[in-house]
*Asks:* 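Below you will find the structure I want to go over with you.
Residue numbering restarts at 1 for every chain, and letters A, B, ... go by the order of the sequence lines. No experiment lies behind these values; they were computed from the predicted model shown. All heavy atoms count here, side chains included; hydrogens, waters and symmetry mates do not.
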Amino acid sequence: MIKDNPEINCELAVIGAGMAGIASALFASKRGISTVQVGLTSGIIFASGLIDLMGVHPISDGKIWENPWKAINALTSDIPNHPFARINKDDIHKAFEEFLAFMNNAGLPYCRYENRNAKMIMPVGSVKHTYCVPQTMWNGVLALEKKCSCLIIDIRGLRGFSARQITETLKTSWPALRHARISFPNTDHLEEVYTEPIARCLSLSENRKALAQIVIPHVKDASMVGFPAIFGIHNSVEIYRDLQEMIGVTIFEIPTIPPSITGLRIKETFESQLPQKGVRLLLQKKVLKVHRNKGGFVLDIGGSDTEYTVKAKGIILASGRFLGGGLHADRKQIRESIFNLPVFQVGERKNWHSQNFLDPKGHLINMAGLEIDNMFHPLDSLGKPVFKTLFAAGSILAHQDWLRMKCGSGLAIASAFAAVNAFKKQV
Amino acid sequence: MKCYYNTLNITHDYVTKKELFYNLLPLKEIKLETQVLIIGGGITGAGITRDLALRGINCILVEKHDINAGASGANHGLLHSGARYVAGNSVNAEECREEGNILKKMAPQCIEDTGGLFVAVEGDDEKYVADFPDLCSKCGIPVKALDTREALEIEPVLSKKIIATYQVSDAAVDPFKLSMDNIYQALDLGCTLLRHSKVTGFIIERNRALATRLQNMLTGEEFTIEALQVVNAAGAWAKEIAVLAGCAINLRYSKGSLLVTHNRIAQRVINRLRPSSNADILVPGGTVSILGTTSITIDSLDKIFPTVQETDFIVGEAAAMIPQLERTRYIRAYAGVRPLLGTPSVTDDRSLSRGFALLDHIEDGLENFASITGGKLTTYRLMAEKTANLICNRLGVSRPCLTRTDPLPPAGAARWTKPGLAPKVWMKKHDPEDIMLCECEMVPKSVVDSIVESIHEQNGKSDLKAIGLRSRIGKGACQGTFCGLRTCAYLYDINELNTNEGLTSLREFVNERWRGVRPLLWDTPLIQAELQEALYCGLMGLEL
Ligand SMILES: Cc1cc2nc3c(=O)[nH]c(=O)nc-3n(C[C@H](O)[C@H](O)[C@H](O)COP(=O)(O)OP(=O)(O)OC[C@H]3O[C@@H](n4cnc5c(N)ncnc54)[C@H](O)[C@@H]3O)c2cc1C
Ligand SMILES: Cc1cc2nc3c(=O)[nH]c(=O)nc-3n(C[C@H](O)[C@H](O)[C@H](O)COP(=O)(O)OP(=O)(O)OC[C@H]3O[C@@H](n4cnc5c(N)ncnc54)[C@H](O)[C@@H]3O)c2cc1C
């Protein structure tokens, strides 16, 4: 039986709701391109909220760069098929400006040093080099730089976040660091607490007041106080400022391990903003199949059965790697999940991963992915674009190991920018 | 027992229930004395220590890493009914039968009496199939033929292409619990365990090993132990130890790899009904099943880990018996080494036929040194008995072996190693403060607390690796990604980890777990591994 599914016509279909997908939808909408975006947002709970641009190269030396732009220069001259090498540096700058301006207007402002990576405290006490930091976390960057007297707070029942772990791990280089544990207001009856309900709770000012009252006695001589990331979801800046005022010293958030609210903030920001810009969101749905037609593509979209049919002139494929679902591996090879596009392979399975998980050289499998041209067209086995109006962006691309190079979100944003511009040119 | 201990510099990772006599001696002169020194903290060493302790003899058990760090922690966990050996070696088969029966009575807490099946599929050797029941009967091993319908009814995962099925009394055994229980009773009886203590040499005078030299693997500190008798129970490493004492054992090594499935696949042990071969046994272990093994001759004991090729081979072979094994999700792989006994230096032919060798080294010119190697987990008690008999004889002690008749008392701290056991105990006395640190395997905070406490009793310190060894933490579907981080944070909360030890501990923990998942990285486990790398490297930069 053939069902009549609602049919949606658009110019561009973006497949993926990760960083590359949302950036693509944003850039497309700002260029007046009618856009449909499909994908699951479940992966976003893993996002730390930090936007890396470029941190480490060559990975086998573990060389950390202070200046991400210089790192990109070195990277693109050493690895000329890294996707960054196909994007004009000016365009990467523009992509960031456009993306960050949007975030700022949408109430999720970021801070950065234009030409320098920032150092962030991680929940295990390690220090991460990243590029753009949510405003609610930025004071942590300053605190770490100045090594000022600082108190880290953790919350009873919140697993995987120990303030003592952070202070113990950093104390040799930062003696003025202290820790304290609090009970979040009205959670004494709970054995376990999670960041999301706490964050939602803090949107009420009386809860903020209660939290501040609990924290104040611990502050003592500290000039800064760090918290696990809990400052609300929609109005994080307001909550942060309010708490800061009540506590009376500078405060900041530290990312937590998943499930975290930092990803949720990004998700909810885009889900509320993109439709206002004309993007049709089909979230929590998947592209089941794509057919070609004269004008472009027909996409069957749904949970398990087709619920929508989308006709689009072009597609940006931002379906991620294995975790996102864009790539899939069986015991023999790696495939692209939707179109079965050719995937740059890295030999037999025995070569995919190194013997040592933390091998400085990284795992070969992370270099697998889609080969592209300078227009971000995925290529067929002969090196020709598969379709004129099919583009790819984000972590599905080959020859980039974002895990080790620390370029995840930056590459997603920059490649989305390049792919959208290429689409605009082509159509 | 007299023990000298350096209180200023507590470096020995020792365990004893007895009063220690502290003495401030210069480092070089630290001396430990005992009646019998046993080398190797696997099941054989554990069994010998308990056997001797029950006969009133003082022992020190030394282990270079941790309990069950060798083959005893990397085997199939099958308590053999003996049926597997009926065609090859009837002595072996009968021994397994008898020992299996004793253990089921004496150590039921370590055994899940699942029963077992032998199944043949189309294309398997029909003569072997036809001879099998008679061979079993000759060895006194009960066996019952089932028709295909019956077989599929009790184990629906079996291939529709099975041509013969026999039911036998195989069972599953928890090797960690078994070793821990043996050691705990020995400690209660006054023996001492030194973990992280590696034997590096002997001081030999005329025909006696006067003292054994050791090194603490954590601190590098060297010390010696003086013992009247020395037992080399170092499994595959027995040859290395013998060489240090100027003796020879002819050993070769065979590596075997095993895969752990995400869920328990079958209720019973399932054996392929054919002459012993590769990838023909599936053993249940609590909530999982273990599939294997391979048998690959290796020349060195340095690199023992499962490979991608072995995984593919095992999965391919076993699917003939249970087709689902082709598609099922595997969560871990591991490998162990079997010492293979060569003929020349073995003094007792009968012991060779038993599959284990007890060497008295008289011909090598030593009077107080013995080696025991080979054998099986199933026959460890017998191996311990024979060894203890020899030692008692030499010490002039006439007390009889008690392990045949005295039940093995269950010890507390080992009970968390078994998949599926932790939640049951947890549900029983749920305390509101008791939150889950591991959700895949349901390990709560209180389990980690009790492990930490027992390690404290042993004057040790808990890091993630030590907790991983004694619990299901890191062994579930998330491959340690989340429980590793949560447990690490928790160990800081309770002051077990300090300074930046957590980073080192996390790195060690993930690298250790990695060996076991690396061969299995396709489909879902690959996704899991990517998530782990995204968190540990992408986000937190632990590789830097
Ligand atoms: C634990 C973790 C920590 C991270 N930390 C950082 C960090 O600190 N800094 C940083 O810069 N980056 C970080 N990242 C990386 C970053 O968030 C992105 O994951 C990365 O840039 C890849 O983004 P992507 O959009 O290409 O793919 P993904 O984020 O994997 O998104 C893929 C999307 O495609 C969708 N999809 C797949 N198949 C289909 C289909 N058939 N139909 C419809 N939709 C489909 C999925 O549902 C998903 O929405 C982190 C990632 C993880 C997992
Ligand atoms: C893959 C495989 C599957 C198996 N499956 C089964 C099965 O299903 N059923 C069964 O009954 N049997 C099985 N076995 C056999 C069984 O595992 C072994 O017979 C048994 O574990 C041997 O115990 P052990 O104590 O003699 O040796 P090990 O457990 O190897 O112990 C030797 C110990 O000595 C220590 N050591 C080494 N050198 C030194 C030193 N210099 N100083 C101090 N300590 C040292 C090692 O660290 C090690 O812990 C299997 C074996 C393998 C390899």
*Asks:* Measure distances from B:Leu531 to the heavy atoms of chain A and classify the residue's part below 4.5 Å as side chain, backbone, both or neither.
*Replies:*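 Both the backbone and the side chain of B:Leu531 come within 4.5 Å of chain A.
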
*Asks:* Report the option among A:Leu50, A:Asn356, A:Ile257 that has the most heavy-atom pairs separated by less than 4.5 Å from atoms of chain B.
*Replies:*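 Of A:Leu50, A:Asn356, A:Ile257, A:Asn356 has the most heavy-atom pairs under 4.5 Å with chain B.
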
*Asks:* Could you check whether any side-chain N or O of A:Trp174 sits under 3.5 Å from a backbone N or O of A:Thr167, counting only pairs where one atom can act as donor and the other as acceptor?
*Replies:*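 Here the side-chain-to-backbone pair does not exist.
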
*Asks:* Testing the basics here: between B:Ile473 and B:Cys438, what is the closest heavy-atom pair and its distance to 0.1 Å?
*Replies:*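 In this case the closest contact between B:Ile473 and B:Cys438 is CD1-CB, 4.1 Å.
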
*Asks:* Which bit of A:Ile59 comes within less than 4.5 Å of chain B, counting heavy atoms only: side chain, backbone, both or neither?
*Replies:*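 Neither; nothing under 4.5 Å.
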
*Asks:* For A:Ile64, is it the side chain, the backbone, both or neither that has a heavy atom under 4.5 Å from a heavy atom of chain B?
*Replies:*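 A:Ile64 touches chain B through side-chain heavy atoms alone.
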
*Asks:* Looking only at heavy atoms and a cut-off of under 4.5 Å, which of B:Asn500, B:Asp523, B:Thr499, B:Ile527 has the most pairs with chain A?
*Replies:*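 Option with the top pair count is B:Thr499.
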
*Asks:* With a 3.5 Å cut-off and no angle check, do the side chains of B:Asn278 and B:Thr294 form a donor-acceptor pair?
*Replies:*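 B:Thr294 and B:Asn278 do not have a side-chain donor-acceptor pair below 3.5 Å.
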
*Asks:* Does the side chain of B:Asn263 come under 3.5 Å of the side chain of B:Arg329 through a donor N or O and an acceptor N or O?
*Replies:*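 Absent: no donor and acceptor within the cut-off.
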
*Asks:* Side chain from CB out, backbone as N, CA, C, O: work out which of these in A:His328 comes under 4.5 Å of a heavy atom of chain B, or both, or neither.
*Replies:*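 It is the side chain, since no backbone atom gets that close.
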
*Asks:* Highest number of heavy-atom pairs under 4.5 Å with chain A: which of B:Thr311, B:Leu535, B:Leu520, B:Asn511?
*Replies:*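 Greatest number of close heavy-atom pairs with chain A: B:Asn511.
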
*Asks:* Is the backbone of A:Pro360 close enough, under 3.5 Å, to the side chain of B:Glu543 for a donor and an acceptor to pair up by distance?
*Replies:*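 The answer is no, because no donor-acceptor pair under 3.5 Å joins these two groups.
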
*Asks:* Heavy-atom distance under 4.5 Å to chain A: side chain of B:Leu497, backbone, both or neither?
*Replies:*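 The backbone, not the side chain.
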
*Asks:* Is the Lys NZ or Arg CZ of A:Lys406 less than 6.0 Å from the centre of A:Trp402's six-membered ring, within 45° of the axis?
*Replies:*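 Output no; distance or angle outside limits.
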
*Asks:* Please check: side-chain N/O of A:Gln345 versus main-chain N/O of A:Ile334, any donor-acceptor pairing under 3.5 Å?
*Replies:*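 Side chain of A:Gln345 to backbone of A:Ile334: a pair is present.
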
*Asks:* Under a 4.5 Å heavy-atom cutoff, which of B:Leu526, B:Thr524, B:Leu485 has the most pairs with chain A?
*Replies:*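 Answer, by heavy-atom pair count under 4.5 Å with chain A: B:Leu526.
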
*Asks:* Is it the side chain or the backbone of A:Ser354 that comes within 4.5 Å of chain B heavy atoms, both, or neither?
*Replies:*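 Just the backbone, heavy atoms under 4.5 Å.
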
*Asks:* Is there a donor-acceptor contact under 3.5 Å linking the side chains of A:Ser162 and B:Asp493?
*Replies:*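 Judged by distance alone, the side chains do pair up.
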
*Asks:* Which atoms of B:Val315 are under 4.5 Å from chain A, going by heavy atoms: the side chain, the backbone, both sets, or neither?
*Replies:*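 Contact with chain A is through the side chain of B:Val315 alone.
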
*Asks:* Side chain, backbone, both or neither: which part of A:Pro258 has a heavy atom under 4.5 Å from chain B?
*Replies:*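 For A:Pro258, backbone and side chain are both near chain B.
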
*Asks:* With chain B, which of A:Lys128, A:Lys332, A:Gln355, A:Arg331 has the greatest number of heavy-atom pairs at distances under 4.5 Å?
*Replies:*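 That would be A:Arg331.
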
*Asks:* Check whether A:Arg321 gets within reach of chain B through its side chain, its backbone, both or neither, counting any heavy atom under 4.5 Å.
*Replies:*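 Backbone plus side chain of A:Arg321, per the 4.5 Å heavy-atom cut-off to chain B.
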
*Asks:* Of B:Glu530, B:Glu533, B:Arg518, which is the lone residue that meets side chain to side chain contact (heavy atoms under 4.5 Å, CB included) with A:His363?
*Replies:*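 Result: among B:Glu530, B:Glu533, B:Arg518, B:Glu533 is the only option passing the side chain to side chain contact (heavy atoms under 4.5 Å, CB included) with A:His363.
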
*Asks:* Taking atom NZ as the centre, does A:Lys286 end up with more than 12 heavy-atom neighbours from other residues, nucleotides or ligands that are less than 6.0 angstrom away?
*Replies:*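 Atom NZ in A:Lys286 is not crowded, with 12 or fewer foreign heavy atoms closer than 6.0 Å.
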
*Asks:* Checking A:His353 against B:Trp514 for the ring pair (Phe, Tyr, Trp, His ring centres under 6.0 Å) test, could you report, in this order, the C-alpha distance in whole Å, the side-chain angles of both residues, the deciding distance, and whether it holds?
*Replies:* CA-CA 10 Å; A:His353 295 94; B:Trp514 179 251; 5.4 Å; yes

*Asks:* For A:Lys350, which atoms come within 4.5 Å of any heavy atom of chain B: side chain, backbone, both, or neither?
*Replies:*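 Both backbone and side chain of A:Lys350 come within 4.5 Å of chain B.
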
*Asks:* Give a yes or no on whether A:Asn186 atom CG has more than 12 heavy-atom contacts from other residues, nucleotides or ligands under 6.0 Å away.
*Replies:*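 Incorrect, the count does not exceed 12.
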
*Asks:* Under 4.5 Å heavy-atom distance to chain A, tell me which part of B:Gln309 shows up: side chain, backbone, both or neither.
*Replies:*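 Side chain only.
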
*Asks:* Does any backbone or side-chain atom of B:Leu544 lie under 4.5 Å from a heavy atom of chain A? Answer side chain, backbone, both or neither.
*Replies:*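 When you check distances to chain A, only side chain atoms of B:Leu544 fall under 4.5 Å.
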
*Asks:* Would you mind checking which part of A:Asp359 comes under 4.5 Å of any heavy atom in chain B, side chain (CB onward), backbone (N, CA, C, O), both or neither?
*Replies:*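 Answer is neither: A:Asp359 stays 4.5 Å or more from chain B.
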
*Asks:* Find the one option among B:Ala534, B:Cys537, B:Cys483, B:Gly541 whose heavy-atom pairs under 4.5 Å with chain A are most numerous.
*Replies:*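 Between B:Ala534, B:Cys537, B:Cys483, B:Gly541, the count favours B:Cys537.
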
*Asks:* Looking at A:Leu358, A:Ile166, A:Asp401, A:Asn366, which has the largest count of heavy-atom pairs under 4.5 Å with chain B?
*Replies:*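 Option with the greatest count: A:Leu358.
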
